[in-house]
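Both counts, for ligands and for their atoms, begin at 1 and track the order of listing. Just so it is clear, the values below take in all heavy atoms, side chains as well, and ignore hydrogens, waters and symmetry mates.
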Amino acid sequence: MAAGLAAALSAQGHSSEGLNRAVIFIGPPGAGKGTQAKEVARHYGVPHLSTGDMFREHVSRGTPLGRQAKPLMDSGALVPDSIVLGMVEERIARPDCARGFVLDGFPRTEPQAEGLAALLEKRGFRDPVVVHFVVDDGLLLRRLTGRRVCKVGGENYNIYDRPPKVPGRCDNDGGELLQRPDDREEVVAPRLQAYERQTFPLIAYYRAHGVLQDVDATGPVDDVARRVMEVLRKAR
Ligand SMILES: [Zn+2]
């Protein structure tokens, strides 16, 4: 994580207070919500939940849900909402979620949001706080397509925002800087468009329920962290 982020968060000075809410992070790829979700969870001492981790756990334990999900995942098919919601239900029933949790990358659709609302009500949670990371499309494209990774040491660069001293070479070890196939513009642009198409109804749903909090996710990680914490404090 960024060096100053922990300091920025602890400077808010309320890590001893519980979250006591479900917090949902929604944002496009490249908006940095994964980093923020992890840090917010650590700050409040609550779990950071991702459905990817839940899937992996159920599959490795060989639970009934895992056994249902595995062939679907292996064949690249969509895992039905009933299975995803079953995993979320089981996960948030565990004691470590009693004081709240941060959901990262779930729900993705309006039906999932409705399913989650029922689960939260069942567990006695209030309405969730939904943090919506707002980033300009052009900026996202720059962040994602500008990424380069050192072949030798794995260091991250961005040819626009954090260029190496010598183009194409790592500052530390001179290693070749490569673009991941997933970061090419012809892959990234359709991904962003698909995200917007899929998320639009979800965002409209949460906005209509009065729980959506837009957060400007441009600028340094620490600044975004401050905005997120401010939103969470006000929502208490
Ligand atoms: Zn390197």
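- When side chains are defined from C-beta on, Leu49 counts as touching Ile92, because their heavy atoms get closer than 4.5 Å.
- If you look at the Zn ion (ligand 1), the protein N, O or S atoms less than 2.8 Å from it are Cys150 SG, Glu155 OE1, Cys170 SG, Asp173 OD1, Asp173 OD2.
- Val228 and Val102 fall within a single hydrophobic cluster, where Ile, Leu, Val, Met, Phe, Trp and Tyr side chains are chained together by heavy-atom contacts under 4.5 Å.
- Ion pairing between a basic and an acidic side chain is recognised when a charged N comes within 4.0 Å of a carboxylate O; Arg227 and Glu230 show no such pairing.
- In terms of the side-chain contact (heavy atoms from CB on, under 4.5 Å) criterion, residue partners of Lys70 (sequence neighbours excluded) are, by chain and number, Val59, Asp74.
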Listed pairs under 3.5 Å, donor-acceptor, residues 198-209 side chains, sequence neighbours left out:
unit_1, atom_1, unit_2, atom_2, d
Thr199, OG1, Tyr195, O, 2.4
Arg207, NH1, Asp214, OD2, 3.0
His209, ND1, Tyr205, O, 2.8

Distance-only donor-acceptor hits, side chain of residues 114-129, under 3.5 Å, sequence neighbours excluded:
unit_1, atom_1, unit_2, atom_2, d
Lys122, NZ, Glu89, OE2, 2.4

